[in-house]
**Student:** 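The structure's right below; bear with me while I get my questions together.
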Amino acid sequence: MTKLLVVATGNPGKLKEMQAYLADTNWQLTLKPEELEIEETGVTFAENARLKASQVAIATGNWAIADDSGLQVDALNGAPGVYSARYGTTDSDRISRVLRELGDSQVRGAQFSCAVAIARPDGTIAVESEGICRGEILTAPRGNGGFGYDPIFYVPQKQLTFAEMAPELKRSISHRGKAFAALMPLEIAGG
């Protein structure tokens, strides 16, 4: 039996991405109402994912799913972290700021982190998971794919940035891919 799952985003691109991750489930995904805005006040990705899923579930009376993710740079004490989307006004602004703040530091380690939460219609969290992908920050962008910080996030094992990877490869190794892979057995048991 198909169940409705409201995605706590207004971004059709994120909806499409989640549909790909959850293609083999009995969930039918839909965007949250456009007028419903949830302020991300958590200090961790997990807190923000739980907050968004819970509030959207309560507001719509349906099951809801939310994720929160971002880049954490070792030499910047984990910044931009939960402020990744607000670290500039455009992707190129955000990339430029990270590169400027890193300067010529030899410490280039970083990770993308993602937390996913599914809330019941009453707002209680049914399942949640997290995923991390380690990599390095390049000194200049490379590649034309992806979005956000993808052109400067290099995965040494693949010798590619996220922006250079085919979507299938990125999905299989990314922080979001790992979080959804960890969620799948939980979703089946909890959903």
Side-chain angles (χ1 to χ4, degrees), residues 5 7-25 27 29-31 40 44-46 48-49 52-53 65-76 78-88 90-99 102 107-118 127-188:
L5 185 63
V7 180
T9 185
N11 181 338
K14 187 171 274 193
L15 172 68
K16 189 175 181 180
E17 189 175 69
M18 284 194 186
Q19 286 171 325
Y21 285 121
L22 299 174
D24 297 330
T25 69
W27 293 110
L29 277 60
T30 185
L31 289 173
E40 296 180 16
T44 66
F45 298 120
N48 281 333
K52 292 187 289 187
I65 185 169
D67 77 329
D68 194 36
S69 59
L71 179 67
Q72 298 170 302
V73 180
D74 299 349
L76 301 179
V82 294
Y83 304 104
S84 292
R86 301 181 290 274
Y87 220 54
T90 65
D91 285 348
S92 59
D93 283 351
R94 290 183 275 277
I95 287 171
S96 294
R97 181 173 175 186
V98 167
L99 294 178
L102 261 179
V107 179
R108 308 298 284 191
Q111 65 186 29
F112 267 119
S113 297
C114 177
V116 180
I118 296 179
V127 292
E128 59 186 316
S129 65
E130 293 187 68
I132 291 173
C133 181
R134 288 290 302 169
E136 300 169 2
I137 302 300
L138 297 179
T139 56
R142 273 187 12 200
N144 298 315
F147 57 91
Y149 300 96
D150 289 0
I152 59 170
F153 187 77
Y154 178 77
V155 180
Q157 298 87 335
K158 301 297 179 186
Q159 298 187 345
L160 297 168
T161 65
F162 269 4
E164 295 173 307
M165 291 181 188
E168 303 76 35
L169 175 59
K170 181 183 170 190
R171 265 198 306 275
S172 72
I173 68 162
S174 76
H175 53 304
R176 190 167 282 114
K178 290 176 181 179
F180 275 92
L183 185 71
M184 296 316 296
L186 302 171
E187 181 273 331
I188 292 164

**Student:** Kindly compute the distance separating CG (L99) from OG (S92), expressed to the nearest 0.5 Å.
**Tutor:**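 L99 CG to S92 OG: 11.0 Å, rounded to 0.5 Å.
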
**Student:** Does the R94 side chain pair with the main chain of Y87, one donor and one acceptor, at a distance under 3.5 Å?
**Tutor:** no

**Student:** Let me confirm one number: the CG-CG distance from L31 to L15, rounded to the nearest 0.5 Å.
**Tutor:**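 Atom-to-atom, L31:CG and L15:CG are 4.5 Å apart.
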
**Student:** So, using salt bridge (Lys or Arg N to Asp or Glu O under 4.0 Å) as the criterion, who are the partners of K170 when residues are at least two apart?
**Tutor:**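 With neighbours one apart ignored, the set is D150.
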
**Student:** Between the main-chain N or O of I132 and the side-chain N or O of S113, is there a donor-acceptor pair closer than 3.5 Å?
**Tutor:**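 Judged by distance alone, no pair lies under 3.5 Å.
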
**Student:** Find out whether V82 and E40 are in side-chain contact, i.e. whether some heavy atom of one side chain is under 4.5 Å from a heavy atom of the other.
**Tutor:**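 The answer is no; the side chains never approach within 4.5 Å.
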
**Student:** Looking at CG of L71 and OH of Y149, how far apart are the two atoms once the value is rounded to the nearest 0.5 Å?
**Tutor:** 6.5 Å

**Student:** Would you name the heavy atoms of S174 and Y21 that are closest together and state the gap between them?
**Tutor:**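 So the two residues come closest at OG-OH, 3.6 Å.
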
**Student:** Find the distance between NZ (K52) and CD1 (I65) and round it off to the nearest 0.5 Å.
**Tutor:** 11.0 Å

**Student:** Can you tell if the side chain of D67 reaches within under 4.5 Å of the side chain of M18, non-hydrogen atoms only?
**Tutor:** yes

**Student:** Looking only at heavy atoms, what is the nearest atom pair of G131 and K178, with distance?
**Tutor:**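 Heavy atoms of G131 and K178 come nearest at CA-CB, 4.0 Å.
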
**Student:** With side chain to side chain contact (heavy atoms under 4.5 Å, CB included) as the criterion, how do F45 and Q72 come out once you've worked through the C-alpha distance, each side chain's angles and the decisive distance to 0.1 Å?
**Tutor:** CA-CA 11 Å; F45 298 120; Q72 298 170 302; 3.6 Å; yes

**Student:** Between R142 and E164, does a side chain to side chain contact (heavy atoms under 4.5 Å, CB included) hold up when you go through it step by step?
**Tutor:** CA-CA 7 Å; R142 273 187 12 200; E164 295 173 307; 3.0 Å; yes

**Student:** Show, in sequence, the C-alpha distance, side-chain angles and deciding distance for Y154 and T161, and conclude whether the side chain to side chain contact (heavy atoms under 4.5 Å, CB included) test is met.
**Tutor:** CA-CA 4 Å; Y154 178 77; T161 65; 4.3 Å; yes

**Student:** Please examine the side chains of L5 and T25, heavy atoms only from C-beta on, and report whether any two atoms are closer than 4.5 Å.
**Tutor:**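 They are not in side-chain contact.
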
**Student:** What distance do I173 atom CD1 and L160 atom CG have between them, rounded to the nearest 0.5 Å?
**Tutor:** 8.0 Å

**Student:** Taking all non-hydrogen atoms of both residues, which atom of P80 and which atom of V73 are closest, and how far apart?
**Tutor:** CD-CG2, 4.3 Å

**Student:** Between F162 and F112, is the ring centre distance below 6.0 Å?
**Tutor:**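 Yes, the ring of F162 comes within the 6.0 Å limit of the ring of F112, centre to centre.
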
**Student:** List the atom of L138, the atom of P151, and the distance in Å for their closest heavy-atom pair.
**Tutor:** CD1-O, 4.3 Å

**Student:** Indicate yes or no: at least one non-hydrogen side-chain atom of D74 is less than 4.5 angstrom from one of I137.
**Tutor:** no

**Student:** Go through the steps to decide whether K14 and R176 satisfy the test side chain to side chain contact (heavy atoms under 4.5 Å, CB included), and finish with yes or no.
**Tutor:** CA-CA 11 Å; K14 187 171 274 193; R176 190 167 282 114; 4.3 Å; yes

**Student:** When rounded to the nearest 0.5 angstrom, what distance separates CG in L29 from OG1 in T9?
**Tutor:** 11.5 Å

**Student:** G70 and S84: which non-hydrogen atoms are nearest, and at how many Å?
**Tutor:**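 Minimum heavy-atom contact is CA-OG, 3.3 Å.
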
**Student:** Could you report the tightest heavy-atom contact between D68 and T44, atom names first, then the distance?
**Tutor:** OD2-O, 4.4 Å

